[in-house]
Participant: 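A single structure is presented below for examination.
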Number of protein chains: 2
Amino acid sequence: MIGSEADWIAGTVPVTSSNHIIPARRTICHPKEWSDFIPIICRGWAASSVTLLDGRRQILSFLLPGDLVSTACLLEPMSGRTVEAITDVTCRKFTRNDLKAYLFQRPQLLEKLSKTWVEERTQADQLALDLGRRTADERIARLILSLAERLAKRNMVSGQTMEFPLRQRHIADATGLTPVHVSKVLGEFQRAGLVEINRRSLTLINEKELRRAADWR
Amino acid sequence: MIGSEADWIAGTVPVTSSNHIIPARRTICHPKEWSDFIPIICRGWAASSVTLLDGRRQILSFLLPGDLVSTACLLEPMSGRTVEAITDVTCRKFTRNDLKAYLFQRPQLLEKLSKTWVEERTQADQLALDLGRRTADERIARLILSLAERLAKRNMVSGQTMEFPLRQRHIADATGLTPVHVSKVLGEFQRAGLVEINRRSLTLINEKELRRAADWR
DNA sequence: CGGCCCTTTGACGGACGTCAAATAGCGTGG
DNA sequence: CCACGCTATTTGACGTCCGTCAAAGGGCCG
């Protein structure tokens, strides 16, 4: 949990919290039950998503250690999202009211909060751009690079390799593609010597080329 | 500007502001120049979008009278977005610092702000779901319905017909499609008797069926 | 009248989805 | 340890939705 985005809250708030351990594939928050608690991920990976009745699903973000589920729901409850553990997850739940009271007495924390808000908004904008206007290759390459970047900030990368517990259906749901197509693209990436994936770990072999494929910057 | 989302700020804030008139097709805010001013639309339609170097563009939201450009950039500047007038637009620009000072002294306004934040976040989630997981027909139908709903809140619908100044390329950029395909889908919608569009105005002929096409609820 | 942008339409192509079958992992229980 | 059942991954054939390209017509304005 080093250098993560939500340190300013996880580390500093002396507020009632309770710890939980959720096994992989179990849901952490149901779309209805966004009521009074705000979870922060302490260990493991999770996904925050929205789903249609017929099963189509869109992952909005992956949650890594230190991440708040969404800063937008800090002050007001927000519904419709499902948060689901990808690996076994340890999380801590804060009660919203305590957190709110605490925050409103510290303007400089609100400043920090609004910075985080802007970041989150920017992420959302980029997601829309990706889904609306980028090709499958670009989307997947960008997803890998952005995860690598976030993991690096948390010291969760050694050399060029990192833990990578995502299933291809997670990647598919995050990029608006099908698992089959994801498999094909990842296959090409590996055959082209851009990355290597095995046993739940990913290595960036040719980061430069991967960035080119991602149209990165 | 009746019943619009940002009334709580546009109507109540006694803060320095300046009025501007921007002709159609002109840009209101450049991606770089998000510095110190926050525009609110008073009259006309605008679009807020992000673009890639090669010209691919994604519209993130349409701005109607009363709309703030984005609540996320109220307290902190945010860059990367372009705001562009669709019709002639009258807008008012507030200076961020004044607004900030004003808000921080009124906790109940901050509450209101955070409610708006949640709404905006929910919109963003739905946009991602649309772009990632819905068909062209669904996306277009939903866009029309959501605009109709927003216009209705502003008393800008008479009967079932409303001003509708969007060009098909706006719809395309908002839905992640091409203008050509938008034309085909709108053609089908009209031939199927769902809507009628002419001379920059739109009439809902068969709203029920349109909702079905949109998979609306 | 001429130029520009928008819209419509059709033919064609390509990116991605669907379906299906084969293989590989992986955890569980014997 | 093996057997098993489940879930992931891979691969190929095929289909479809949507994009591309091009041409023609319409509306608007100088």
Side-chain angles (χ1 to χ4, degrees), chain A residues 23-26 45 47 52 54-59 84-88 130-141 143-144 164-192 195-202 213 215, chain B residues 23-26 45 47 52 54-58 84-88 130-141 143 164-192 195-202 213 215:
Chain A
R25 316 180 87 249
R26 196 75 51 88
W45 293 41
L52 297 176
D54 61 12
R56 287 178 288 181
R57 190 168 84 128
Q58 178 65 47
I59 290 182
E84 190 178 318
I86 293 173
T87 64
D88 292 349
D130 284 356
L131 295 175
R133 292 304 189 192
R134 292 195 197 260
T135 66
D137 291 13
E138 290 174 313
R139 294 184 215 173
I140 292 176
L143 176 60
I144 291 172
F164 196 79
L166 298 187
R167 311 266 133 183
Q168 294 185 355
R169 39 171 277 278
H170 295 124
I171 300 180
D173 285 337
T175 52
L177 302 165
T178 56
V180 177
H181 197 67
V182 169
S183 170
K184 287 168 184 169
V185 173
L186 284 182
E188 281 172 27
F189 280 3
Q190 297 189 71
R191 264 172 265 122
V195 298
E196 199 178 308
I197 304 179
N198 48 25
R199 283 171 295 111
R200 312 295 95 165
S201 101
L202 182 152
D215 185 25
Chain B
R25 318 181 87 253
R26 197 74 52 86
W45 293 40
L52 297 176
D54 62 13
R56 286 178 289 181
R57 190 167 85 129
Q58 179 65 48
E84 191 178 317
I86 294 173
T87 64
D88 292 350
D130 285 356
L131 295 175
R133 292 305 188 191
R134 293 197 196 259
T135 66
D137 291 13
E138 290 174 313
R139 294 184 215 174
I140 292 175
L143 177 60
F164 197 79
L166 298 187
R167 312 265 131 182
Q168 294 185 357
R169 50 174 204 67
H170 294 125
I171 301 180
D173 285 336
T175 52
L177 302 166
T178 56
V180 177
H181 197 68
V182 169
S183 170
K184 287 169 184 167
V185 172
L186 284 182
E188 281 171 27
F189 280 2
Q190 297 189 72
R191 263 172 265 122
V195 298
E196 199 178 306
I197 304 179
N198 48 23
R199 284 170 297 111
R200 313 294 93 161
S201 100
L202 184 151
D215 186 23

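A, B, ... follow the sequence lines: proteins, then strands. Residue 1 opens every chain. Keep in mind the model is a prediction, meaning the values are calculated, not measured.
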Participant: Just checking R191(B): base, sugar-phosphate only, or nothing, at a heavy-atom cut-off of under 4.0 Å?
Facilitator: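 Since only primed, P, OP1 and OP2 atoms lie under 4.0 Å of R191(B), the category is sugar-phosphate.
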Participant: With sequence neighbours excluded, give me every salt bridge (charged side-chain N to carboxylate O under 4.0 Å, His left out) pair touching residues 172-182 of chain A.
Facilitator: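 Checked against salt bridge (charged side-chain N to carboxylate O under 4.0 Å, His left out) - neighbours excluded - the pairs reaching residues 172-182 of chain A are R57(A)-D173(A), D173(A)-R133(B).
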Participant: Tell me the closest heavy-atom pair linking L131(B) and R139(B), and the distance in Å.
Facilitator: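 So the two residues come closest at O-NH2, 3.5 Å.
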Participant: Quickly work out the I197(B) CD1 to dC6(C) C1' distance and round it to whole Å.
Facilitator: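 Spelled out: CD1 on I197(B) to C1' on dC6(C) is 13 Å.
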Participant: Distance check needed: dT9(C) C1' versus Q168(B) CD, whole Å only.
Facilitator: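 These atoms are roughly 12 Å apart.
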Participant: In this structure, how many angstroms lie between the C1' atom of dC26(C) and the CZ atom of R200(A), rounded?
Facilitator: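 Nearest whole value for this atom pair: 10 Å.
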Participant: I want to check something: taking the side chain as every heavy atom from C-beta on, are E196(A) and L202(A) in contact at a cut-off of under 4.5 Å?
Facilitator: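 The answer is no, as the side chains (C-beta and beyond) never meet within the 4.5 Å cut-off.
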Participant: Going by salt bridge (Lys or Arg N to Asp or Glu O under 4.0 Å), name the residues that satisfy it together with R200(A), two or more places apart in sequence or in a different chain.
Facilitator: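 Result, salt bridge (Lys or Arg N to Asp or Glu O under 4.0 Å) vs R200(A): none returned.
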Participant: Please table the atom pairs, donor to acceptor, closer than 3.5 Å between any side-chain atom in residues 175-189 of chain B and protein atoms at least two apart or in another chain.
Facilitator:
from    : atom 1 : to      : atom 2 : distance (Å)
T175(B) : OG1    : I171(B) : O      : 2.7
T175(B) : OG1    : A172(B) : O      : 3.4
T178(B) : OG1    : H181(B) : N      : 3.3

Participant: For the pair made of CG in N198(A) and C1' in dC26(C), what is the distance, rounded to whole Å?
Facilitator: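 Distance check: N198(A) CG to dC26(C) C1' gives 16 Å.
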Participant: Within the structure shown, what part of the strands sits under 4.0 Å from R25(A) by heavy-atom distance: base, sugar-phosphate, or nothing?
Facilitator: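 Sugar-phosphate: the residue R25(A), judged by heavy atoms under 4.0 Å, touches backbone atoms but no base.
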Participant: Anything under 4.0 Å to a heavy atom of chain B counts; send over the first and last such nucleotide of DNA chain D, read 5' to 3'.
Facilitator: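 Nucleotide range with atoms under 4.0 Å of chain B: dC18(D) to dC21(D).
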Participant: Side chains of D130(B) and E138(B): does their closest heavy-atom pair fall under 4.5 Å?
Facilitator: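 Of all side-chain heavy-atom pairs linking E138(B) with D130(B), none is under 4.5 Å.
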Participant: Can you tell me how far CH2 of W45(B) sits from CG of L166(B), rounded to the nearest 0.5 angstrom?
Facilitator: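 Atom-to-atom, L166(B):CG and W45(B):CH2 are 5.0 Å apart.
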Participant: If every non-hydrogen atom of T87(A) is compared with every non-hydrogen atom of P165(A), which pair is closest and at what distance?
Facilitator: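 In terms of heavy atoms, the two residues are closest at CG2-CB, 3.3 Å.
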Participant: Of the residues in residues 177-186 of chain A, which ones touch DNA chain D at a heavy-atom distance under 4.0 Å?
Facilitator: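 Here the set is V180(A), S183(A), K184(A).
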Participant: Rounded to whole Å, please give me the gap between CG in D130(A) and P in dC16(C).
Facilitator: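 Value for this atom pair: 13 Å.
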Participant: For the residue pair P23(B) and D88(B), what are the closest heavy atoms and their distance?
Facilitator: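 Here P23(B) and D88(B) meet closest at CA-OD1, 3.4 Å.
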Participant: In terms of the nearest nucleotide of DNA chain D, which residue is placed more toward the 5' end: R167(A) or R133(A)?
Facilitator: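 Looking at DNA chain D, the more 5' nearest nucleotide goes with R167(A).
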Participant: Taking any heavy-atom pair under 4.0 Å as a contact, classify R199(B): base, sugar-phosphate, or nothing.
Facilitator: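 Nothing, no nucleic acid heavy atom in range.
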Participant: For the pair made of CZ in R134(A) and P in dC16(C), what is the distance, rounded to whole Å?
Facilitator: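 After rounding, the gap between these two atoms is 13 Å.
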Participant: Please name the pair of heavy atoms, one in R134(B) and one in R56(A), separated by the smallest distance, quoted to 0.1 Å.
Facilitator: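 Nearest heavy atoms, R134(B) then R56(A): CA-NH1, 3.7 Å.
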Participant: Quantify the bending of the helix from dC1(C)-dG30(D) to dC26(C)-dG5(D) as the angle between its end axes, each fitted on five pairs, to 10°.
Facilitator: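 About 40°, once rounded to a multiple of 10°.
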Participant: Give the rounded distance in Å between these two atoms: CZ of R57(A) and P of dG17(C).
Facilitator: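 One finds 16 Å between P of dG17(C) and CZ of R57(A), rounded.
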